[in-house]
Amino acid sequence: MVAVHSTLGTLVILGYLATTLLYLLPGSGPRRWVRPVSGIAAVLLLVQYVVGFGLLGEGYRGQNLHYTLAFLALVTVALEHAVARPRGPKAAALAAAGTLVIVTLTYLVGQGTIG
């Protein structure tokens with residue numbers, strides 16, 4: 001289950017990297033893909049939380065920083081979805097980039113690389 005959690009973490013990072021890049025690309029062509037890609041990344045993050053709670057239930061414990069960062073990712077994901085239409089792609093790209101940074105840091109803490 002730990003390997004699944006780690007693999008999902010990698011996929012979440014790639015999902016938010018793709019989301020951020022799609023928001024930043026010029027023109028409307030690439031942007032039509034941003035909603036489905038962002039949605040897939042958000043679903044992967046949700047599955048990541050479910051697997052993480054499963055690991056907690058099995059007795060695995062990580063650093064408090066890992067849990068704090070994971071919670072903060074919820075905030076930036078919500079912000080991205082809240083600002084995408086009314087504020088435009090640049091604001092949404094900023095929120096998606098924030099999520100990318102947070103999930104990357106969360107991954108690195110979980111892997112024991114930092115923290």
Side-chain angles (χ1 to χ4, degrees):
M1 187 97 118
V2 173
V4 171
H5 192 61
S6 180
T7 302
L8 280 170
T10 301
L11 293 175
V12 169
I13 290 168
L14 292 174
Y16 280 102
L17 175 62
T19 299
T20 302
L21 292 175
L22 285 171
Y23 275 125
L24 293 174
L25 287 174
S28 60
R31 287 209 193 112
R32 69 181 173 177
W33 290 99
V34 77
R35 280 187 75 172
V37 170
S38 176
I40 290 168
V43 168
L44 286 170
L45 185 60
L46 175 64
V47 173
Q48 179 75 328
Y49 288 129
V50 170
V51 172
F53 281 117
L55 288 170
L56 286 172
E58 291 178 4
Y60 287 94
R61 295 290 180 262
Q63 295 184 10
N64 288 337
L65 180 59
H66 186 75
Y67 309 130
T68 303
L69 289 169
F71 175 75
L72 286 176
L74 288 173
V75 174
T76 55
V77 169
L79 187 60
E80 175 204 343
H81 292 274
V83 301
R85 285 186 187 240
R87 300 281 183 198
K90 288 185 182 177
L94 186 58
T99 302
L100 174 61
V101 168
I102 291 169
V103 297
T104 302
L105 290 173
T106 306
Y107 180 86
L108 293 173
V109 170
Q111 295 294 316
T113 306
I114 61 171

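Bear in mind the structure is a predicted one, so any value in this text is a computation, not a measurement.
The CD1 atom of Ile13 sits 6.5 Å away from atom CG of Leu108, with the distance rounded to the nearest 0.5 Å. Of the inter-residue distances, the one linking Phe53 atom CZ with Glu58 atom CD reads 14.0 Å to the nearest 0.5 angstrom. Rounding to the nearest 0.5 angstrom, the gap separating the CD atom in Glu80 from the OG1 atom in Thr20 is 7.5 Å. Rounded to the nearest 0.5 Å, atoms CG (Leu45) and OG1 (Thr106) are 9.0 Å apart.
At least one donor-acceptor pair closer than 3.5 Å links the side chain of Tyr49 to the backbone N or O of Ala70.
Scanning all heavy atoms of the two residues, the minimum distance from Thr19 to Val34 falls at O-CG2, 3.8 Å. Ile102 approaches Leu69 most closely through the heavy-atom pair CG2-O, 3.1 Å. Between Val77 and Ala42, the closest heavy-atom pair is CG1-CB, 4.5 Å. Heavy atoms only, all atoms of each residue included: Ala84 and Ala92 are closest at CA-CB, 3.7 Å. Smallest separation of non-hydrogen atoms from Tyr16 and Ser38: OH-O, 4.3 Å. The two residues Ala93 and Leu24 make their nearest non-hydrogen contact at CB-CD2, 3.6 Å.
Sorted by first then second residue, the side chain to side chain donor-acceptor pair (under 3.5 Å) pairs that include residues 83-104, not counting sequence neighbours, are Thr76-Thr99. Screening residues 60-73 for side chain to side chain donor-acceptor pair (under 3.5 Å), with sequence neighbours left out, gives no hits.
A single hydrophobic cluster is seen to contain both Val47 and Val4, as judged by linkage of ILVMFWY side chains at heavy-atom distances under 4.5 Å, directly or through other members. Clustering ILVMFWY residues whenever any of their side-chain heavy atoms sit less than 4.5 angstrom apart, transitively, puts Leu94 in a cluster other than the one holding Val37. Note on Leu46: it does not cluster hydrophobically with Leu44, by side-chain heavy-atom contacts below 4.5 Å among ILVMFWY residues. Following chains of ILVMFWY side-chain contacts shorter than 4.5 Å, one can reach Ile114 starting from Leu100, so the two form part of one hydrophobic cluster. Taken together through direct or relayed side-chain contacts under 4.5 Å among Ile, Leu, Val, Met, Phe, Trp and Tyr, Leu14 and Leu105 form parts of separate hydrophobic clusters.
Considering only heavy atoms from C-beta on, Val103 stays 4.5 Å or farther from Tyr107 through its side chain.
Every side chain to side chain donor-acceptor pair (under 3.5 Å) that Gln48 has, sequence neighbours left out, goes to His5.
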